Each structure stands twice: as C-alpha cells, then as structure tokens.
Student: 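The structure follows.
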Amino acid sequence: MKTIPWRKAVLAFLFFPLLAGCLETEELEHMFYVHAIGIDYRDGLYTVYAQILDFSTFAKQEGGGGDSETEEGAWVGKGTGDSLQDALHQLYGTSQRRIYWGHLNSIILHESLMKLGVKEVFDLITRFSELRYTLWVFGTREPLQDVLLAAPILESTPVFSQIGDPDDVYEQSSFVLRKRLYRIIYELNEPGRTLLVPMLALTPGHWADRQHKFDSLRVGGVAIIENEKWQGWLSRPQLLGLRWVQTETVRTPLLLGPEKQPEAVLMLERPDVQINPTVRNGKAYFTINLELTGTISEMLQKRSESELIQQAKERIRAEIRNTYREGLKKKTDVLNLLDALYRKNLPAWKKLTRSGEEFILDETSLANINVRVRIIASGRTLGPFSANHSKSRSKKTMLIE
C-alpha cells in the first residue's frame, strides 16, 4: 500500500525536533569535568585554577587496574584576567573542549583573595546555575596548583582526597570543622557570627613508597572573616580549644601529662556545649558549660580515674582559654561567644556592640569554663573481667581503636 504523501509530511514534522535535539547533544566523552577550582588574586589580576579529572583512570581503579605512580588522575588548567569572568574565559580559550561545571565538588580560596574580600566570589558562584550549594569550601596559603595536584596515595584520583571527601578523616580525628558553601554563606551574612574557613596545608614526606615521598593535604588552621573582612588566620596549635566548642566534633584525642612525657591519652567524643551570656554593669560575660564522654586510649603511667578526669578538665579549660586569647590578639571572636549573645539577648547585643559595629570582648569576658568529663571505658584489658565486674561494665567497655 502506498503511503499518502501528506502522512509523510506529518511524520517528518513530528520527529524533526527530536532529531535536532539529539544532534545538539554534547557527547559526554568530549567534555572536561571540573572537580575542584582554586582562585587567587595577585597584582590586580584574578587567577582561576581548574582541576580536571581523568575518568578513565578512575574507571581502571574501580575495576582493580591503574598505576598510581604513572597515572595522576587529574590535570590542572589556569586562566588569568582582570576579573573572575575574564579569568574563566581565558581558561575556556585554552581548554580544547567544553568545560562542564555540574560535577564541581570543592572551591579553594587563596589567602590573598580572602584578604581582598570573598563576597564577590560567592556572588559569582551562586549565580551560576550549574553549581550547587553543597560544594566544600577551603582556604590555603600554599600555591594553588600544588594543592590541586597533590593526589592521595593508592588512589590517584583526587575524588578521595581531603578536597573531595573530607568527612572520612574528620569523623576519625575531628579538628577544624569542614564546611559546605551554604553554611559559609550563612555564617558570612549572619550578624554577630565569625566565619572560620578551614585552611589546607601541604605536608611533605609523611607518606612514601619505595621510590618517592608524597605531599599530602591536611587542615593546618582557619582563616577568620568578620563582617566580610579578613581578620587573619590561626594555626593548628593555636586552635586546640576550638574542637571542644564545636558540637559537630565526632572524636578527638586529648593527651594528658607533660608534652614530652605523656601519661595517658583519652579519646573524647561529641561535646555537649552551651554558651551562656550574662550582662552586668553594661558588660557581657560568658560561661561555657561543656560535657564530654570518652575512653582511655593509651595508659602510659599508672593513674587513677579521678586523676585522669581532673587532668582532662584542666587541659581542656587551658586549651579553650588559649584559643580565646589567640583570637583576642586579632580582635576576633574565634569561639563565637557573641553569636550566643545575639541569639539569647538580642537587645543587649545591639546595645553593647552598636549592632555589630564594635568589638566588646576582652580578657575578662570569658568568665567561666565548666567542664564535665566522664570516662565510660578503660580500653582493651589484658585478662577476663570477674563476673560482677563484667556484668557492670560489659556494655561500657570498648576496644582501643
């Protein structure tokens, strides 16, 4: 039977848009997928570094193949310009293929850019429809290209590095809280809040194979930003007290005794912390109430439970107060005490700080630090418990991890 000509015309009209759509679809293997970007600012120029993943290497690793010594798994491109958009378009011009931003996982801001101001960067990022608000945000003082090329050992792909997946390391050993973009934006715009951005540092020589030593990434401190302005940064030793006032802390070690002759190590978990402000004679004072539970991870000298608890309380109080003082040196509220005043007594916050314009903290503002420590397990034992002892403590005893 012959097809009626007008039917052919109708079918062609219906299917043509579908065919045109397929023709315009970009081949997936013909695009570059950005996993992380670094942004720097020097001598009046913005520089954008884009870390492009080699998915063929990733696929080989998933299948049991690959060679971490020869297949790096990532490439880094660079674009420089008078503005961020100018730098991005210079990057596009040298990329050879279309760049896709939908898989962007992390943003690293160099210290020099944060000194200039971060609001323009976040404004650009949040306007771009391909990007998500769940990106990890870091700062660094290191050369951005070196940070982006520091691949983890064994897996040459950066997907499983501190840049791509910081959760695993944080849950095993909590220190500075990692933050996603939506939280950064919230803390940047919240009155009375101090924004702390985790700073990545390169640590050479901690990991090696038979031929090479590798640079590895670690969180080496925080950048401090108040009222959208750079206030400096604090290093890891200066921040030891910060972990006790972060409710997100999962587990963190506390070394007891002298620094070079430790007596014991406690593994403390999930602090229950409350910051209570009071106002007396036109001045704000703060009390930190902190509860912690943990286990004895190492016992290097014989000490009673009460001695360990007393030492732990004193060490934690000292670490919190030391971090608070380090913040005061830069006129910053690194423990976010003023955030508690803002939330619990807004009229007093407005009056005392002139709605956030005046820094009111001094040495006496942190009045009290009340710490309660409970040891719920003594770690691995050498022999079996007695019947009574086992019955009373079997649910509490944990092995040393």
Side-chain angles (χ1 to χ4, degrees), residues 114-115 117-119 175-177 179 183-198 221-249 254 271-292 310 312-373:
M114 288 192 281
K115 287 179 179 176
V118 295
K119 193 160 187 178
F175 187 60
V176 173
L177 182 65
K179 292 179 181 174
R183 179 160 181 165
I184 292 281
I185 293 173
Y186 144 67
E187 293 186 359
L188 184 67
N189 294 296
E190 187 75 355
R193 185 90 189 168
T194 300
L195 170 60
L196 304 177
V197 181
V222 296
I224 307 169
I225 296 174
E226 281 186 350
N227 296 326
E228 302 176 9
K229 295 178 181 175
W230 168 269
Q231 298 291 333
W233 76 287
L234 293 177
S235 65
R236 199 176 176 99
Q238 295 171 309
L239 290 169
L240 288 174
L242 183 63
R243 53 187 170 157
W244 308 119
V245 298
Q246 293 177 160
T247 55
E248 297 89 346
T249 293
L254 179 68
D272 182 0
V273 60
Q274 291 185 343
I275 300 176
N276 297 320
T278 57
V279 178
R280 299 194 300 272
N281 301 323
K283 185 175 178 181
Y285 297 91
F286 298 87
T287 297
I288 296 177
N289 295 317
L290 175 64
E291 290 189 21
L292 289 153
Q310 186 58 34
K313 289 179 179 179
E314 292 172 2
R315 179 60 62 92
I316 291 168
R317 285 195 200 98
E319 289 185 357
I320 292 174
R321 198 165 286 282
N322 183 61
T323 298
Y324 174 69
R325 287 173 179 151
E326 293 293 340
L328 282 184
K329 292 177 185 175
K330 301 178 183 299
K331 290 192 173 182
T332 57
D333 177 22
V334 69
L335 299 182
N336 267 309
L337 301 181
L338 292 175
D339 182 61
L341 180 64
Y342 175 82
R343 294 177 183 284
K344 296 182 179 180
N345 193 343
L346 182 59
W349 179 84
K350 286 183 175 179
K351 182 179 179 181
L352 296 177
T353 67
R354 291 194 300 162
S355 296
E357 294 294 324
E358 190 171 331
F359 185 72
I360 61 170
L361 300 180
D362 60 23
E363 184 71 31
T364 62
S365 301
L366 181 53
N368 298 297
I369 304 172
N370 302 317
V371 182
R372 184 185 177 197
V373 175

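Keep in mind that what you see is a predicted model, and the values were worked out from it rather than measured.
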Student: Indicate yes or no: does Glu248 engage Arg183 in a salt bridge with an N to O separation below 4.0 Å.
Tutor: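 Yes.
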
Student: Side chain of Asp333, backbone of Leu338: donor and acceptor closer than 3.5 Å?
Tutor: yes

Student: Any chance you could measure Thr249, atom OG1, to Phe175, atom CZ, to the nearest 0.5 Å?
Tutor: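 Rounded to the nearest 0.5 Å, the OG1-CZ separation comes to 10.0 Å.
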
Student: So, for Thr323 and Gly241, which heavy atoms are closest and what is the spacing to 0.1 Å?
Tutor: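 Looking at all heavy atoms of both residues, the closest pair is OG1-N, 2.9 Å.
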
Student: Is a donor from one side chain sitting under 3.5 angstrom from an acceptor on the other, for Glu226 and Thr332?
Tutor: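 No, Thr332 and Glu226 have no side-chain donor paired with an acceptor closer than 3.5 Å.
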
Student: Does NZ in Lys331 sit with more than 12 non-hydrogen atoms of other residues, nucleotides or ligands closer than 6.0 Å?
Tutor: no

Student: Measure from the side-chain N and O atoms of Lys330 to the backbone N and O of Leu234, and report whether any donor-acceptor pair falls under 3.5 Å.
Tutor: no

Student: Could you measure the distance from the CD atom of Glu319 to the CZ atom of Arg315? Nearest 0.5 Å is fine.
Tutor: 6.5 Å

Student: Measure the spacing between CG of Leu341 and CG of Leu352 and express it to the nearest 0.5 Å.
Tutor: 6.5 Å

Student: Please check this pair: side chain of Asp362 against backbone of Thr364, looking for a donor-acceptor N/O pair closer than 3.5 Å.
Tutor: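 Yes: the side chain of Asp362 pairs with the backbone of Thr364.
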
Student: Please check: side-chain N/O of Asn189 versus main-chain N/O of Ile185, any donor-acceptor pairing under 3.5 Å?
Tutor: yes

Student: Taking the six-membered ring of Tyr342, is NZ or CZ of Arg193 closer than 6.0 Å to its centre and within 45° of its axis?
Tutor: no

Student: For atom NZ of Lys350, is the number of surrounding heavy atoms from other residues, nucleotides or ligands below 6.0 Å larger than 12?
Tutor: no

Student: What are the two closest non-hydrogen atoms of Ala223 and Trp230, and how far apart are they?
Tutor: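 Minimum heavy-atom contact is CB-CZ3, 3.6 Å.
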
Student: Starting at CZ of Arg321, measure out to CG of Leu328 and round the result to the nearest 0.5 Å.
Tutor: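 These two atoms lie 10.0 Å from each other.
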
Student: Hey, could you give me the CG/OH distance between Leu242 and Tyr324, rounded to the nearest 0.5 Å?
Tutor: 14.5 Å

Student: Backbone N or O of Ile369 within a donor-acceptor pair of the Arg317 side chain at under 3.5 Å?
Tutor: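 Side chain of Arg317 to backbone of Ile369: a pair is present.
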
Student: Can you confirm whether more than 12 heavy atoms, excluding those of Asp272, are under 6.0 Å from its CG atom?
Tutor: yes

Student: Any donor and acceptor pair, going by atom type alone, linking the side chain of Asn336 with main-chain N or O of Thr194 inside 3.5 Å?
Tutor: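 Yes.
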
Student: Who are the side-chain hydrogen bond (donor to acceptor under 3.5 Å, both in side chains) partners of Ser235, not counting sequence neighbours?
Tutor: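 In terms of side-chain hydrogen bond (donor to acceptor under 3.5 Å, both in side chains), with neighbours along the sequence ignored, Ser235 is linked to Gln238.
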
Student: To check you understand the geometry: which heavy-atom pair defines the closest contact between Pro271 and Gln246, and what is its length?
Tutor: CG-O, 3.3 Å

Student: Taking all non-hydrogen atoms of both residues, which atom of Trp349 and which atom of Ser355 are closest, and how far apart?
Tutor: CH2-C, 3.6 Å

Student: Could you tell me which residues satisfy side-chain hydrogen bond (donor to acceptor under 3.5 Å, both in side chains) with Gln274, sequence neighbours excluded, listed by chain and number?
Tutor: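 Once residues adjacent in sequence are excluded, Gln274 has no partner under the side-chain hydrogen bond (donor to acceptor under 3.5 Å, both in side chains) criterion.
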
Student: Find the distance between CG (Leu196) and CD1 (Ile224) and round it off to the nearest 0.5 Å.
Tutor: 6.5 Å

Student: Any side-chain donor paired with an acceptor under 3.5 Å for Ser365 and Lys283?
Tutor: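 Distance-only check fails for Ser365 and Lys283.
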
